[in-house]
Amino acid sequence: MSIEQIINAAFADAKVRVDITDDFIRSNQSFFEIDGALDLLVYLPAYMLWCVENKDDYDQLVTDCTIDAIAYFGRTVNQPRALLDLKKRCNTSQREAILAFLHWCQESLEAVDEKQVARAIKQWNK
C-alpha cells in the first residue's frame with residue numbers, strides 16, 4: 001500500500017482534502033497560522049498528502065511545518081482546547097498513518113530535519 005493510500009484510508013471519515021486546494025496550502029504553509037477554528041483531522045492529512053505529492057518542491061516550507069506540527073501534537077495531550085488534543089482524538093489507524101508518513105519522510109525526503117522527524121516518531125510511538 002502506498003503512503004497516499006495509507007493516509008487516505010486512515011482519514012477517510014475526515015473528508016481528506018475537502019476545500020483544501022494546492023493553492024491554499026501554498027499560501028498557508030503552516031496550518032498553525034490559519035485564522036479561525038480548524039479541524040486538524042481534516043487539515044493534517046491534507047497537508048501530509050501535499051508533502052507526499054510535492055516531495056521535490058524544496059522552495060516550500062510546508063513539509064517542515066507539517067513535521068513540526070506532528071511533533072508538537074505528539075507531545076500535547078489533554079489540551080484545554082479539544083481540537084488541539086490531536087493525538088488523543090486519532091484512532092489507531094490514524095496514528096499508524098501519521099507514523100507511516102514520518103517514516104516515509106525519513107526514507108524519501110532528501111531535505112528533512114532528521115532530528116525533528118525522530119522526535120516526532122518517538123512522541124507518536126508512546
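Keep in mind that this is a model prediction, so the values were computed, not measured.
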Any heavy-atom pair between the side chains of K126 and K87 that's under 4.5 Å?
yes
Got S30 and L61 here, is their nearest side-chain heavy-atom distance under 4.5 Å?
no
Polar side chain donor-acceptor pair, D23 to T21, under 3.5 angstrom:
no
Would you check, one step at a time, whether the test side chain to side chain contact (heavy atoms under 4.5 Å, CB included) holds for L86 with L44?
CA-CA 10 Å; L86 180 65; L44 180 60; 3.5 Å; yes
Below 4.5 Å, heavy atoms only, C-beta onward: do F101 and I70 meet side chain to side chain?
yes
Gap between atom CG of L102 and atom CD of E107 - 0.5 Å precision:
11.0 Å
Does some side-chain heavy atom of F11 sit less than 4.5 Å from a side-chain heavy atom of I98?
yes
Interatomic distance, L49 atom CG to I20 atom CD1 [nearest 0.5 angstrom]
10.0 Å
Gap between atom CG of N125 and atom CZ of R95 - 0.5 Å precision:
11.0 Å
Hey, are the side chains of R26 and N54 touching, using non-hydrogen atoms and a 4.5 Å cut-off?
yes
Can you list the steps and then say if Q106 with V112 is a side chain to side chain contact (heavy atoms under 4.5 Å, CB included)?
CA-CA 7 Å; Q106 279 184 321; V112 68; over 6 Å; no
I'd like to check T66 versus Q29 (side-chain heavy atoms, cut-off strictly below 4.5 Å). Are they in contact?
no
Side-chain touch L109/K55, heavy atoms, less than 4.5 angstrom
yes
Side chain to side chain contact (heavy atoms under 4.5 Å, CB included) assessment of N28 paired with Y47:
CA-CA 10 Å; N28 299 278; Y47 274 69; 3.6 Å; yes
CD/Q116 to SG/C105 distance, rounded to the nearest 0.5 angstrom?
11.0 Å
Between V52 and E4 the two heavy atoms that sit nearest each other are CG1-OE2, 3.3 Å
Derivation of the side chain to side chain contact (heavy atoms under 4.5 Å, CB included) call for M48 and I3:
CA-CA 10 Å; M48 290 190 303; I3 188 63; over 6 Å; no
Could you check if a side-chain atom of D57 sits within less than 4.5 angstrom of a side-chain atom of W50, using non-hydrogen atoms only?
yes
How long is the gap from CD1 on I6 to CD on Q94, to the nearest 0.5 Å?
14.0 Å
Minimal non-hydrogen separation, W124 against G74, with atom names
NE1-CA, 3.3 Å
Quick one: SG on C51 to CD1 on I25, what's the gap to the nearest 0.5 Å?
8.0 Å
Output yes when a side-chain donor or acceptor of Q123 lies under 3.5 Å from a complementary backbone atom of A120, and no otherwise.
no
N-O pairing of R119 and D68 below 4.0 Å
no
